[in-house]
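We name chains A, B, ... by the order of the sequence lines, and we start the count at 1 in each one. Just so it is clear, the structure is predicted and the values come from calculations on it, not from any experiment.
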Amino acid sequence: MIVTNTETIAGYRIHEIKGLVQGNTVRAKHAGRDIMAGLKNLVGGELKGYTELLTESRRQATERMMSQAEQLGANAVVNVRFTTSAVTAGAAELYAYGTAVVAEPGA
Amino acid sequence: MGWMSKPNHQPGIENEPHLQGQGFSGDPTEEKAAQKLAHEQSNATDADHVEHTVWSEPALSPLLVGQPSEEQLTYQRWMASNIRKTTWAKSWWITLLVILAAGPWGILGAIASLGTSSFAVLLVIVIGPVTEEVTKVAAALWVIEKRPFLFRSIGQILLCAACGGLAFAAIENLVYTNFYFPEHTPEFVAFRWTVCVGLHVTCSFVAGVGLARIWDNAIRNQHRPRLALGVPWLVIAMVGHGLYNLSVTLAQTAGWLDLGMPDPPG
């Protein structure tokens with residue numbers, strides 16, 4: 001599946017628009033990783049536990065968005081956007097959305 | 001400069017990463033995240049998938065996408081399939097578990113509400129009733145919201161609510177008579193085991209009517225439960241409980257109700 005944050009796909013023609021597709025997630029690390037991140041915060045550097053958390057959340061939100069596009073029979077999602085929310089502390093909250101389309105090769 | 005090497009703090013624009021012209025290493029968390037999500041995905045059930053099905057999206061246009069094909073998972077199909085699979089025996093086991101959970105869960109809610117306000121009157125008349133009425137039926141509400149097909153009749157829901165109120169009242173009475181007021185009078189014990197039990201059972205039953213409305217609407221129409229349908233009944237239970245607490249507090253203060261000891265109501 002083609003996933004792009006542009007409105008068009010170079011070398012493809014948008015043949016059919018299926019509609020808005022979206023995926024979201026709110027994830028947290030276990031308390032042990034939170035404690036370790038708190039300790040790492042004292043000395044600085046990358047908080048790897050939280051980098052993992054954000055990566056997992058971004059991927060999961062994207063996968064859920066792509067799953068919705070698949071359900072609609074689309075082969076591409078264009079104009080993809082990511083956004084975050086702030087429901088609870090210590091969690092990564094990701095929301096991905098875009099337009100599911102059927103794209104065919106050709107200008 | 002590699003991705004993990006020490007950053008160059010020289011202010012010149014030529015030191016910006018994208019102008020360095022050297023290779024960059026990828027995010028090492030990507031692979032780990034992919035493995036973790038794949039593992040979660042392999043354990044996911046239809047109940048997980050139906051939470052994110054596109055066919056429940058309000059923005060979906062039938063003009064553009066038509067109707068879901070036979071093999072597509074929709075909330076309606078998931079519900080119908082699970083209604084067929086749920087036996088009466090399983091349903092009654094769930095009912096029993098919900099009843100057993102309701103009392104202790106309500107007590108936890110009551111304990112959690114204790115530190116929310118330094119104004120005793122506010123705690124007794126507003127915060128206490130609101131928290132207790134929600135937590136007494138919280139277990140049943142969770143089942144209705146997430147797995148409505150596990151209940152098979154309105155009677156089971158009302159039973160859960162009333163028995164939850166009874167269990168809550170019984171635990172609360174044991175706490176009051178054994179820990180808060182070990183030196184209690186017989187009048188106090190009689191009051192707690194009659195009036196207070198009646199109050200909790202009645203209020204929980206009223207809240208249960210709201211839960212039954214949510215469940216009945218969801219099962220009949222096979223759509224996601226609409227919690228707003230139960231809110232008026234939950235509010236009636238909260239207000240009734242609060243008014244009872246207010247009247248008992250006033251009666252004790254005015255000397256119209258004498259149990260031989262200071263008795264926090266409800």
Side-chain angles (χ1 to χ4, degrees), chain A residues 1 14-30 33 36-37 40 44-79 81 92 94-103, chain B residues 1-9 17 24-78 81 112 145-146 224:
Chain A
M1 178 170 289
I14 305 292
H15 175 67
E16 199 178 337
I17 289 179
K18 292 290 188 178
L20 180 71
V21 285
Q22 47 210 317
N24 52 34
T25 187
V26 180
R27 295 180 68 94
K29 283 289 181 187
H30 59 78
R33 296 303 292 266
M36 291 307 293
K40 185 72 190 291
E46 184 183 11
L47 305 181
K48 289 183 181 168
Y50 288 155
T51 304
E52 283 174 22
L53 176 61
L54 199 57
T55 306
E56 288 163 13
S57 303
R58 172 174 49 76
R59 290 185 74 110
Q60 190 165 47
T62 308
E63 284 175 11
R64 285 177 175 167
M65 179 189 71
M66 290 164 68
S67 167
Q68 287 202 342
E70 263 180 11
Q71 290 169 46
L72 296 179
N75 67 350
V77 186
V78 297
N79 213 19
R81 298 289 181 266
L94 257 292
Y95 171 51
Y97 62 97
T99 304
V101 299
V102 175
Chain B
M1 182 179 70
W3 180 68
M4 296 298 286
S5 62
K6 201 172 174 65
N8 187 339
H9 294 297
F24 300 96
S25 55
D27 183 350
T29 62
E30 291 284 349
E31 192 181 338
K32 202 171 171 185
Q35 286 171 359
K36 187 168 189 175
L37 293 177
H39 177 68
E40 286 181 14
Q41 188 68 14
S42 66
N43 291 330
T45 63
D46 276 356
D48 300 310
H49 294 307
V50 83
E51 290 291 326
H52 303 282
T53 178
V54 74
W55 301 106
S56 299
E57 295 291 351
L60 200 66
S61 169
L63 290 174
L64 292 176
V65 296
Q67 295 300 315
S69 58
E70 285 298 316
E71 69 274 11
Q72 294 268 17
L73 179 70
T74 65
Y75 187 86
Q76 194 174 17
R77 286 172 187 165
W78 174 76
S81 161
E145 189 182 356
K146 305 303 287 184
R224 290 180 192 276

If I take atom [atom1] from residue [X] and atom [atom2] from residue [Y], how far apart are they, to the nearest 0.5 angstrom?
{"X": "A:Y95", "Y": "A:R81", "atom1": "OH", "atom2": "CZ", "value": "12.5 Å"}
{"X": "A:M65", "Y": "A:L94", "atom1": "CE", "atom2": "CG", "value": "11.0 Å"}
{"X": "B:Q76", "Y": "B:R224", "atom1": "CD", "atom2": "CZ", "value": "12.0 Å"}

Taking atom types as modelled, find out whether A:Q71 and A:S67 have a side-chain donor-acceptor pair closer than 3.5 angstrom.
yes

Decide yes or no for [X] and [Y]: does some side-chain heavy atom of the first lie under 4.5 Å from some side-chain heavy atom of the second?
{"X": "A:M36", "Y": "A:K29", "answer": "no"}
{"X": "A:R58", "Y": "A:R27", "answer": "no"}
{"X": "A:L54", "Y": "B:T29", "answer": "no"}

Ignoring hydrogens and angles, tell me if any N or O in the side chain of A:K40 forms a donor-acceptor pair with the backbone of A:E46 under 3.5 Å.
yes

Strictly distance-based, threshold 3.5 Å: is any side-chain N or O of B:S81 a donor or acceptor partner for the main-chain N or O of B:R77?
no

Applying a heavy-atom distance below 4.5 Å, give me the residues of residues 17-26 of chain A that approach chain B, sorted by number.
A:I17, A:K18, A:G19, A:L20, A:V21, A:Q22, A:N24

Can you list the residues of [range] that sit under 4.5 Å from chain A, counting heavy atoms only?
{"range": "residues 65-75 of chain B", "answer": "B:V65, B:Q72"}
{"range": "residues 43-59 of chain B", "answer": "B:H52, B:T53, B:V54, B:W55, B:E57, B:A59"}
{"range": "residues 33-40 of chain B", "answer": "B:A33, B:A34, B:K36, B:L37, B:E40"}

Count the heavy atoms of every other residue, nucleotide or ligand shown that sit under 6.0 Å from CE of A:M1, and state whether that count exceeds 12.
yes

Do you know which of A:E16, A:E70, A:Q60, A:E56 has the most heavy-atom pairs under 4.5 Å to chain B?
A:E56

Grab the two heavy atoms, one from A:A74 and one from A:V101, that are nearest each other, plus how far apart they are.
CB-O, 3.2 Å

Heavy-atom closest contact (A:A92 atom, A:L53 atom, distance):
CB-CG, 3.6 Å

Proximity breakdown for A:R64 and chain B, heavy-atom pairs closer than 4.5 Å
side chain

